[in-house]
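Quick note: residue numbers are just sequence positions, from 1.
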Amino acid sequence: NRCNAASAVGDEVAAADASRRPIPTSVVGWPPAAGTIAGKWKTGPERIEILQRIAALQIDENVKEQLQRLLQNDPTLTTLDLSGNYIGTAGATVVASALRANTTLTTLNLHSNDIENEGAKTVVLALRANTTLTTLCLGWNRIGDEGATEVASMLRANTTLTTLHLSNNFIGATGAPEATSLLLRGNTTLKTLDLSGNLIGAVGATALASALRGNTTLTSLDLGGNGIGDEGAMEIASALRGNTTLTTLNLGGNRIGAVCASKVAAALRANTTLTKLDLYGKYIGTPFNAHLDVSKVNSYNVCGLRGGF
């Protein structure tokens with residue numbers, strides 16, 4: 001839900017041009033106290049430059065107000081929903097600049113903003129040292145393998161992010177399996193990872209399965225619609241045998257056949273933690289119900305037949 005509260009800066013910074021109307025310096029909460037993270041920068045010319053870039057963005061005025069509040073380190077702004085605004089790389093750079101000194105935001109939604117890999121890079125670089133953000137959505141931004149690799153690099157340094165959405169980003173398009181596997185390597189805080197609607201394929205799924213075997217924190221993984229096929233599904237299933245933390249898995253829309261589905265079920269019999277499984281897909285067929293004899297799983301969705309055990 002998009003925040004609607006007005007910015008304390010308001011129309012005073014609409015143009016952010018010092019030669020016209022001066023930017024207020026006595027706004028409540030600004031400047032931040034000396035010695036604080038936010039107080040170390042975002043003052044003087046640097047702050048004015050960022051405000052100018054916010055003003056230049058071709059986006060709704062309400063969205064600009066939210067960015068101004070982010071820049072101010074507004075303690076009441078904990079969730080920022082910028083989804084569907086198509087802020088592009090320029091807008092992502094502005095967000096990144098404001099994020100570097102922010103200590104209050106916990107959720108950032110940049111879904112459908114066309115920031116591409118360059119925009120993703122600027123945002124994740126700003127999050128390397130961030131200690132407050134827990135949820136990040138970068139879905140539908142065409143970040144590709146390059147952007148995903150940058151996200152993975154950030155995850156190795158960041159210790160607070162627990163939920164990451166990277167759906168529909170052309171990840172796997174260049175055939176670089178490390179782009180997905182790196183997302184689970186070296187991080188000990190991520191609990192939810194959404195990679196649905198990408199191009200991971202069997203090779204990417206194999207690399208991801210390898211990382212999954214050594215992961216001890218992830219509880220929810222969405223790989224729906226990635227074309228991983230039987231080969232990729234078997235690799236994921238094999239990794240699940242020794243995994244003790246994953247509780248929710250979506251492998252729907254991956255052209256998985258009935259034979260492979262039975263192998264997934266066999267792997268689940270050795271798994272003690274998975275409670276929700278989605279294998280939706282016309283390739284499995286209704287006979288799959290015979291394979292799904294797994295008492296540990298209490299929620300399933302197979303070929304549109306949802307239910308419980």
Side-chain angles (χ1 to χ4, degrees), residues 1-9 27-43 46-47 50-51 53-54 62-83 85 87 91-111 113 115 119-139 141 143 147-148 150-167 182-184 186-194 215-220:
N1 295 324
R2 193 162 299 173
C3 300
N4 293 314
S7 168
V9 180
V27 178
V28 175
W30 189 271
T36 63
I37 294 177
K40 294 178 181 178
W41 70 307
K42 296 293 186 293
T43 58
E46 185 171 17
R47 178 184 176 228
I50 298 172
L51 288 168
R53 284 192 279 148
I54 292 174
N62 179 60
V63 179
K64 292 181 181 180
E65 289 176 354
Q66 303 310 309
L67 290 174
Q68 290 161 4
R69 290 178 62 197
L70 181 67
L71 177 64
Q72 284 180 263
N73 205 28
D74 184 343
T76 66
L77 184 65
T78 58
T79 298
L80 181 57
D81 185 355
L82 298 176
S83 60
N85 280 287
I87 62 175
T93 302
V94 169
V95 170
S97 296
L99 273 177
R100 287 191 181 94
N102 184 275
T103 58
T104 61
L105 201 70
T106 59
T107 300
L108 175 60
N109 186 356
L110 292 174
H111 187 281
N113 269 291
I115 67 174
K121 285 180 185 179
T122 61
V123 171
V124 299
L125 279 173
L127 291 177
R128 283 179 179 269
N130 183 281
T131 58
T132 55
L133 200 75
T134 59
T135 301
L136 175 63
C137 179
L138 293 176
N141 274 299
I143 71 172
E150 291 294 333
V151 172
S153 179
M154 175 272 292
L155 286 175
R156 289 194 291 276
N158 183 284
T159 59
T160 56
L161 202 68
T162 59
T163 301
L164 177 61
H165 296 277
L166 294 174
S167 62
L182 287 175
L183 291 168
L184 293 180
N187 178 275
T188 58
T189 56
L190 198 67
K191 294 182 180 299
T192 299
L193 177 60
D194 178 4
N215 184 277
T216 58
T217 56
L218 199 70
T219 60
S220 178

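Here the shortest heavy-atom pairing between Thr122 and Arg100 reads O-NH2, 4.3 Å. Pairing each heavy atom of Leu136 with each of Met154, the nearest pair is CD2-CE, 4.4 Å. Between Leu138 and Ile115 the shortest heavy-atom distance is CD2-CD1, 4.0 Å. Considering all non-hydrogen atoms of both residues, Leu108 and Val95 come closest at CD2-CG1, 4.2 Å. Shown here for Ile50 and Ser97, the closest heavy-atom pair between the two residues is CD1-CB, 3.9 Å. The shortest non-hydrogen separation linking Asn102 to Thr132 is O-OG1, 4.3 Å.
Taken from CG in Leu110 to OG in Ser83, the straight-line distance is 9.0 Å, to the nearest 0.5 Å. Rounding to the nearest 0.5 Å places CG of Leu51 at 5.5 Å from CG of Leu71. To the nearest 0.5 angstrom, Lys64 atom NZ is 9.5 Å from Ile54 atom CD1.
Side-chain atoms of Asn113 come within 3.5 Å of backbone atoms of Leu82 as a donor-acceptor pair (strictly under, hydrogens ignored).
Residues forming a side chain to side chain donor-acceptor pair (under 3.5 Å) with Ser153 (at least two apart in sequence, or on another chain): Arg128. Asn109 is linked by a side chain to side chain donor-acceptor pair (under 3.5 Å) to Asp81, counting only residues two or more places apart in sequence or in another chain. In this structure, the side chain to side chain contact (heavy atoms under 4.5 Å, CB included) partners of Thr135, at least two apart in sequence or on a different chain, are Thr107, Thr163. The side chain to side chain contact (heavy atoms under 4.5 Å, CB included) check on Asn187 picks up Leu155, Thr189, Leu190, with sequence neighbours excluded. Qualifying side chain to side chain donor-acceptor pair (under 3.5 Å) partners for Thr76, counting only residues two or more places apart in sequence or in other chains: Arg69, Asp74.
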